[in-house]
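Below: one structure, written as structure tokens.
All heavy atoms count here, side chains included; hydrogens, waters and symmetry mates do not. In this chain, numbering begins with 1 at the start of the sequence shown.
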Amino acid sequence: MSIVELSIGVGCGLIVGGIVTWILTNTALRKRSQRIIEEAKTEGENLKRERTLEAKEKFLQLKSEHEKEVNARNQKVAAAENRIKQKETSLNQRFEELQRKTKDITIQKENLDKQLEVIERRQEEIEKVHKLQVEKLEAISGMSGEQAKETLIESMKAEARTDAMSYINDIMDEAKINANKEAKKIVLQTIQRVATETSIENSVTIFHIDSDEIKGRIIGREGRNIRAIEAATGVELVVDDTPEAIVISGFDPMRREIARLSLHQLVSDGRIHPARIEEVVSKVRKQVEEEVIETGKRTTIDLGIHGLHPELIKLVGKMKYRSSYGQNLLQHARETANLCAVMASELGLNSKKAKRAGLLHDIGKVSDEEPELPHALLGMKLAEKYKEKPDICNAIGAHHDEVEMETMIAPIVQVCDAISGARPGARREVVEAYIKRLNDLENMALSYPGVIKTYAIQAGRELRVIVGSEKITDQEAETISTDLAKKIQTEMTYPGQVKITVIRETRAVSYAK
């Protein structure tokens with residue numbers, strides 16, 4: 001066998017082997033693919049059955065939930081229907097009952113009408129009989145019925161008046177003896193148990209400085225600083241030859257205190273000019289207002305008075321800077337409160353209520369509301385406004401007999417107020433009249449529209465009126481000055497003359513940021 005034949009035989013064998021291998025491989029692949037297809041069909045049918053079962057379960061679940069919801073709604077509807085039926089039944093029963101009552105009332109009314117007719121007939125008969133009897137009695141006695149009645153009444157009145165007067169005289173004599181003795185005893189014990197001070201307020205405050213060089217800085221160039229201080233505080237600064245002292249003059253103690261503290265801060269800081277003065281005065285005014293509240297709180301705590309409205313506490317604190325006929329108003333109120341408590345305890349009354357009324361009895365003097373009212377009535381209105389009890393309000397309003405006294409606390413407050421003010425050295429009439437005149441001057445100017453602030457200075461010889469430049473023109477300012485001068489001249493009594501200065505200025509303020 002040659003090499004060629006061998007090569008041909010090997011090639012033919014390879015070809016036949018490849019064909020056989022392809023046939024076998026193709027057959028195996030077809031079987032495998034058929035098996036995969038069958039498995040996929042089986043899995044698809046399984047998945048289909050599972051999804052079908054899940055859908056059926058979901059449907060059944062939703063169906064049961066829907067049925068539950070429908071049942072619940074049906075139950076609610078049924079319950080509502082039952083309630084409506086019950087209400088309908090109840091209303092029917094009430095309607096029937098009302099019908100029955102209406103029938104009964106109608107029957108009763110008919111019966112009453114019949115009875116009234118009978119009564120009227122009988123009354124007419126009785127009146128006829130009574131008239132006949134009266135005529136017979138008048139014929140027998142020779143007097144008419146009215147004359148007999150008047151004679152009987154007069155005789156009974158005379159007898160009763162004689163007995164009553166005798167009884168009243170005996171009681172009054174006994175009561176006067178006992179009352180005078182007990183009243184003197186209680187008043188003496190009360191005064192002895194309360195420690196008092198003599199407190200006379202002045203109308204000037206001395207501000208001490210380290211050297212006279214500071215006076216020039218306070219006055220400023222052409223007096224602009226001192227004018228700014230006087231305009232901002234409403235007091236008068238007297239810078240004279242008194243060594244190391246400046247006199248602050250003014251009738252309002254609060255203004256003097258604001259001026260004193262402002263001067264202290266300005267001198268300590270060293271910067272004294274109009275803008276700084278206004279800033280410091282504004283801050284000091286806020287500090288004084290806070291001190292007023294703190295003073296009121298301390299006073300109520302010291303006296304053991306609780307539950308006061310914050311506005312009443314503020315009014316109590318303001319009393320520190322007010323005086324009544326020269327007597328410091330806060331000291332007078334504290335003294336009156338202590339006297340009331342002692343006297344009430346001696347009489348067996350509520351000492352806490354008496355002390356509360358005694359402290360608040362003069363709050364009308366420090367309020368800025370309705371100045372035309374008497375201070376007792378104004379104080380009563382304020383106490384009512386801030387929810388004080390009626391007996392406290394009545395005691396405040398009645399301590400000057402402005403209203404009628406309704407409780408036993410009212411006369412106690414009146415008596416203790418008189419005791420506190422009438423003791424030797426407590427008050428000065430001249431100072432109070434002076435302060436009232438200055439207050440009247442300022443209030444008279446404030447009554448004009450457009451007026452912002454008023455200051456009575458120079459012991460009442462000058463009145464400065466500050467008006468708003470946006471509301472008042474220059475011509476109107478002159479008119480206010482003239483009208484105010486005429487009004488003061490006709491309505492007030494004062495020594496010398498009063499200078500009225502109306503100030504109108506325009507300020508343009510802006511800020512660089």
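- In this structure, a donor-acceptor pair under 3.5 Å is present between the side chains of His361 and His332.
- For Lys58 and Glu54, the salt-bridge test fails: no basic side-chain N is under 4.0 Å from an acidic carboxylate O.
- Ion pairing between Lys320 and Glu291 holds under the 4.0 Å rule for side-chain N and carboxylate O.
- Between Ile313 and the options Ile305, Leu308, Thr295, Val292, a side-chain contact (heavy atoms from CB on, under 4.5 Å) holds for only Leu308.
- The existence of a salt bridge linking Glu38 and Lys41 is excluded, since no basic side-chain nitrogen approaches an acidic carboxylate oxygen closer than 4.0 Å.
- Between the side chain of Asn82 and the backbone N or O of Ala78, at least one donor-acceptor pair lies under 3.5 Å.
- When side chains are defined from C-beta on, Met405 counts as touching Pro411, because their heavy atoms get closer than 4.5 Å.
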As a quick check of understanding, evaluate salt bridge (charged side-chain N to carboxylate O under 4.0 Å, His left out) for Glu289 and Arg285, giving each step before the final call. CA-CA 6 Å; Glu289 288 175 358; Arg285 187 173 281 112; 5.7 Å; no
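- Going from atom CD of Gln414 over to atom CD1 of Ile419 covers 11.0 Å, rounded to the nearest 0.5 Å.
- At a threshold of 4.0 Å, the pair Glu110-Lys114 does not count as salt-bridged, since none of the basic side-chain nitrogens sits closer than that to a carboxylate oxygen.
- In this structure, the side chains of Ile466 and Thr454 stay at 4.5 Å or more apart for every pair of heavy atoms.
- Between the side chain of Thr479 and the backbone N or O of Gln475 there is at least one donor-acceptor pair closer than 3.5 Å.
- His375 and Asp362 form a side-chain donor-acceptor contact under 3.5 Å, judged by distance and modelled atom types alone.
- The backbone N or O of Tyr455 lies less than 3.5 Å from no partner atom in the side chain of Arg464, so there is not a single donor-acceptor pair.
- Ala357 and Ile409 get closest at one heavy-atom pair: CB-CG2, 4.0 Å.
- Without hydrogens or angle criteria, Ser90 side chain to Gln86 main chain gives no donor-acceptor distance under 3.5 Å.
- Salt-bridge check for Arg260 with Glu257: passed, with a basic side-chain N closer than 4.0 Å to an acidic carboxylate O.
- Thr299 is listed as a side-chain neighbour of Leu303, based on a closest heavy-atom distance under 4.5 Å.
- His309 places a side-chain N or O within 3.5 Å of a backbone atom of Glu311 that can act as its donor or acceptor partner.
- In this structure, a donor-acceptor pair under 3.5 Å is absent between the side chains of Asn394 and Glu404.
- Pairing each heavy atom of Met444 with each of Leu484, the nearest pair is CG-CD1, 4.0 Å.
- A salt bridge links Arg271 with Asp269: the closest approach of a Lys/Arg side-chain nitrogen to an acidic carboxylate oxygen falls below 4.0 angstrom.
- With salt bridges taken as basic N to acidic carboxylate O contacts below 4.0 Å, one links Arg356 and Glu388.
- The existence of a salt bridge linking Glu279 and Lys283 is confirmed by a sub-4.0 Å separation between a basic side-chain nitrogen and an acidic carboxylate oxygen.
- Using a cutoff of 4.0 Å between basic side-chain nitrogens and carboxylate oxygens, Arg255 and Glu442 are scored as salt-bridged.
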